[in-house]
2 protein chains.
Amino acid sequence: MKRITIKDLAKHLLLSTSTISRALVNDKNIHPDTKKKILDAAEKLGYKPNPTALNLKYGQSKNIGFVVPEMITPFSSTVLRGIQNILYPLGYRIIIMQSDENPLIERKNLLLLEEFNVDGIIINLCHETYNHDVYQQIIDRGIPLVFFDRIPDKSLDAPKVMVNDNIKASLMIEHLIDTGRKKIVHIMGPSTIRNATERAMGYKRILTKHGIFDPDLLIKTEGASFEHGRIAAQQLLSKNIEFDSIFAFTDTLAIGAMNYLLEQGIQIPEEVAIASFSGTELATIVHPQLTSVEQPLVQMGEVAAGLILEKIKDNTISNKTIVMDAALIYRASTRG
Amino acid sequence: MKRITIKDLAKHLLLSTSTISRALVNDKNIHPDTKKKILDAAEKLGYKPNPTALNLKYGQSKNIGFVVPEMITPFSSTVLRGIQNILYPLGYRIIIMQSDENPLIERKNLLLLEEFNVDGIIINLCHETYNHDVYQQIIDRGIPLVFFDRIPDKSLDAPKVMVNDNIKASLMIEHLIDTGRKKIVHIMGPSTIRNATERAMGYKRILTKHGIFDPDLLIKTEGASFEHGRIAAQQLLSKNIEFDSIFAFTDTLAIGAMNYLLEQGIQIPEEVAIASFSGTELATIVHPQLTSVEQPLVQMGEVAAGLILEKIKDNTISNKTIVMDAALIYRASTRG
DNA sequence: CTGAAAGCGCTAACAA
DNA sequence: TTGTTAGCGCTTTCAG
């Protein structure tokens with residue numbers, strides 16, 4: 001079942017390979033009749049261009065790397081959808097690497113992608129500073145690197161796609177206060193993640209403004225999994241800390257915490273309101289459904305894909321940081 | 001930032017490209033000193049082999065297609081992890097395509113993968129029979145095609161990885177009966193999916209054996225999303241059908257149904273016990289946690305990857321169907 | 001308008 | 001032990 005090539009067509013039609021190629025690439029220097037004959041034959045014999053040959057010729061792999069902390073939650077898969085929307089029609093392939101929230105694996109993944117000869121990499125960090133050298137190295141080697149969601153600090157000059165974590169977190173806290181909550185816990189993600197500190201800053205600022213900031217209510221976690229959320233809630237209860245609401249760094253933390261509270265017989269939202277930050281479907285598949293800051297994940301993917309295409313076309317253009325809007329969606333977990 | 005090639009090394013060291021190549025591929029016909037010199041230079045200049053050139057040379061793309069109905073739930077991402085475990089170390093890239101549970105998109109994806117020149121495809125169907133012709137065509141063209149989870153009927157000769165849906169469903173129903181449930185609803189998936197009919201058969205067989213099968217308790221859905229689960233639960237209530245438990249085709253259906261019942265103030269598991277079939281993390285992130293048949297997803301991925309490697313190596317070997325074991329995990333949703 | 005030939009990076013006969 | 005050459009599939013000068 002050998003692939004049929006341009007050569008086979010040439011032999012079949014007693015023409016040169018260059019003529020065949022001309023017909024196929026819509027070159028003007030070809031007689032319409034010849035062209036038609038070739039196209040018909042190509043169709044009949046089931047000719048398919050070999051992308052590998054083109055890649056070699058043009059020095060591109062048409063592969064884009066996509067590096068994310070995990071794909072278990074819908075967060076990255078949703079962003080991926082946006083990326084695919086843009087990149088697949090253009091003939092790009094996307095290679096996905098999961099870092100398991102482990103900077104060492106992230107590092108390995110990045111190096112592997114370089115081996116794979118990708119034309120660019122879109123990445124959501126698992127740890128802000130750990131692999132700074134590798135990011136810089138990749139950029140220096142001329143491979144476009146686009147960051148989204150968890151981006152590195154300003155010292156790294158690269159295209160970035162993000163939302164305004166600080167402000168959106170502030171707004172969510174304002175909402176909790178508006179609905180009568182006073183003892184607002186924040187389950188903060190690891191401070192090695194920029195978003196975690198940004199969201200925490202928004203939280204702190206508003207509470208301070210209202211004169212109700214209490215450091216005991218700020219719980220820092222080691223990670224952002226469901227389990228970390230559970231543990232945070234457990235801590236709150238075991239320390240006998242009084243609270244009437246929780247704002248969590250992510251859906252996963254919020255859900256983990258909520259489930260633990262529910263298991264302890266605590267009423268959500270009557271006794272404790274819960275709000276999160278993400279934009280994944282997870283917020284709506286739990287009961288009660290979660291109030292949360294919803295990021296436009298698909299569009300973030302599309303924008304990231306657009307940025308990488310720009311850089312692939314011309315690596316010298318200056319790097320944009322795109323700040324996207326996120327929406328506060330109020331659901332049952334903060335009502336009542 | 002041009003990539004450095006074998007040619008650059010040759011020029012640099014005043015050697016021929018073949019000698020360079022020999023050093024790089026560990027050929028024995030080379031003087032140790034020369035070899036060392038070359039390897040050192042390669043290291044120093046940052047030489048990286050160009051996979052595209054090799055692919056062209058050997059007629060392989062080292063790309064494997066992975067086609068799934070969706071990646072929003074952790075199901076496919078977990079299987080993917082298993083596939084990556086096996087395939088990444090071997091230098092394969094994995095191209096992921098989501099079919100959105102739409103046979104037309106699945107068809108398009110498959111065709112696109114063919115264009116992409118993949119060496120093989122691992123697929124979880126979104127509809128059993130609709131694209132039968134394309135599957136056959138791909139196989140006929142010599143591209144190994146491995147099915148997992150939702151597999152096609154016997155008429156298609158290809159490697160398959162599955163669990164024993166029928167038996168495991170039966171065991172779960174027995175469990176519900178053992179714990180005192182008598183009016184057991186089954187939320188069945190679309191009958192265009194083989195697993196759905198298999199699991200439904202297990203359900204029906206056991207209930208019939210116990211003389212308590214009631215066709216009114218078998219709800220067929222149009223899909224397997226959370227929303228479909230909600231709708232099913234809604235139907236049950238609006239039709240005033242009495243039931244004390246639900247066995248759902250998937251986690252998603254179970255969760256959708258459970259949330260609807262919870263919203264209506266129905267106690268889970270006191271009034272209605274819920275069990276599902278899947279093996280994803282979803283079962284443990286809801287409250288109460290779901291009893292379910294857990295498939296060994298990572299291993300399924302590893303096995304599928306193994307099967308495709310076998311077929312890539314020798315496409316003439318006969319096709320195996322691997323039936324994996326699944327475990328019944330009892331959680332809070334069926335207690336009490 | 002068409003053909004011949006070179007070249008993308010690499011390997012593998014075949015010579016030397 | 002090393003060098004020369006052809007070729008993987010395709011496009012693109014350069015001749016004709």
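Note: hydrogens, waters and symmetry copies are ignored here, and every other heavy atom, side chains too, is used.
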Atom-to-atom span, NZ of Lys35(A) to C1' of dC1(C) - whole angstrom: 13 Å
Looking at every heavy atom in both Val67(B) and Ser99(B), which two are closest together, and how far apart are they? CG1-OG, 3.5 Å
For residues 68-78 of chain B, please give each side-chain donor-acceptor pair under 3.5 Å, one per line with the distance, not counting sequence neighbours.
| unit_1 | atom_1 | unit_2 | atom_2 | d |
| --- | --- | --- | --- | --- |
| Glu70(B) | OE1 | Ile72(B) | N | 2.7 |
| Glu70(B) | OE1 | Thr73(B) | N | 2.8 |
| Glu70(B) | OE1 | Thr73(B) | OG1 | 3.3 |
| Glu70(B) | OE2 | Thr73(B) | OG1 | 2.7 |
| Ser76(B) | OG | Glu70(B) | O | 3.4 |
| Ser77(B) | OG | Met71(A) | O | 3.0 |
| Ser77(B) | OG | Pro74(B) | O | 3.4 |
| Thr78(B) | OG1 | Pro74(B) | O | 2.5 |

Could you list by number each residue of residues 40-55 of chain A showing a heavy-atom separation from DNA chain D of less than 4.0 Å, or answer none if no residue does? Tyr47(A), Lys48(A), Pro49(A), Asn50(A), Ala53(A), Leu54(A)
So Glu101(B) and Arg150(B), salt bridge (Lys or Arg N to Asp or Glu O under 4.0 Å) or not? Walk me through it. CA-CA 12 Å; Glu101(B) 293 283 6; Arg150(B) 304 189 190 165; 3.0 Å; yes
Is there a side-chain contact between Ser16(A) and the phosphate of dG3(C), meaning an N or O under 4.0 Å from OP1 or OP2? yes
In whole Å, what is the span from the NZ atom of Lys37(A) to the C1' atom of dC1(C)? 12 Å
What's touching nucleotides 5-7 of chain D from the protein side, N or O pairs under 3.5 Å?
| unit_1 | atom_1 | unit_2 | atom_2 | d |
| --- | --- | --- | --- | --- |
| dG7(D) | N2 | Lys57(B) | NZ | 2.6 |

Side-chain touch Lys35(B)/Asn26(B), heavy atoms, less than 4.5 angstrom: yes
Phe148(B) and Gln295(B), any side-chain heavy atoms less than 4.5 Å apart: no
side-chain N/O Thr5(B) vs dC8(C) OP1/OP2, d < 4.0 Å: no
What residues 21-31 of chain B contributes to the DNA chain D interface at heavy-atom separation below 4.0 Å is Arg22(B), Asn29(B), Ile30(B), His31(B)
When you compare the side chain of Asp149(A) with that of Met162(A), does any pair of heavy atoms fall below 4.5 Å? no
Would you please confirm or rule out a distance under 4.0 Å between OP1 or OP2 of dC10(C) and any side-chain N or O of Tyr58(B)? no
Taking Asp157(A)'s backbone N and O only, do any of them form a donor-acceptor pair with Asn319(A)'s side chain (distance below 3.5 Å, no angle check)? yes
Nearest whole Å is fine: how far is dG9(C) P from Lys11(B) NZ? 11 Å
For a 4.5 angstrom cut-off between non-hydrogen side-chain atoms, does Ile64(A) reach Ile95(A)? no
Quick check: do Tyr92(A) and Ile86(A) have side-chain heavy atoms less than 4.5 Å from each other? no
Take atom CD1 of Ile6(B) and atom P of dG7(C), then tell me their distance rounded to the nearest Å. 17 Å
Check for me whether the distance between the ring centres of Tyr135(B) and Tyr130(B) falls short of 6.0 Å. no
Using distance only, find each side-chain donor-acceptor pair of residues 17-24 of chain B under 3.5 Å and give its atom names and separation, not counting sequence neighbours.
| unit_1 | atom_1 | unit_2 | atom_2 | d |
| --- | --- | --- | --- | --- |
| Ser18(B) | OG | Ser16(B) | OG | 3.0 |
| Thr19(B) | OG1 | Ser16(B) | OG | 3.1 |

Using a 6.0 Å cut-off, check whether atom NZ of Lys320(B) has over 12 heavy atoms from anything other than its own residue. no
Mind calculating the distance between CG (Leu13(B)) and P (dG3(D)) to the nearest angstrom? 10 Å
What is the distance, to the nearest angstrom, from the CD1 atom on Ile4(A) to the P atom on dC8(D)? 15 Å
Value in whole Å for how far the P atom of dG3(D) lies from CG of Leu9(B): 13 Å
Considering every strand and a 4.0 Å limit on heavy-atom distances, what is the contact class for Ile20(A): base, sugar-phosphate, or nothing? nothing
Could you tell me if the side chain of Ile96(B) sits less than 4.5 Å from the side chain of Ile96(A), heavy atoms only? yes
Close side-chain approach of Pro159(A) to Lys311(A), heavy-atom, < 4.5 Å: yes
Using atom CD of Gln60(B) as one end and atom P of dT11(C) as the other, report the distance to the nearest whole Å. 14 Å
Angle, rounded to 10°, between the helical axes spanning five pairs at each terminus of the helix from dC1(C)-dG16(D) to dA16(C)-dT1(D)? 60°
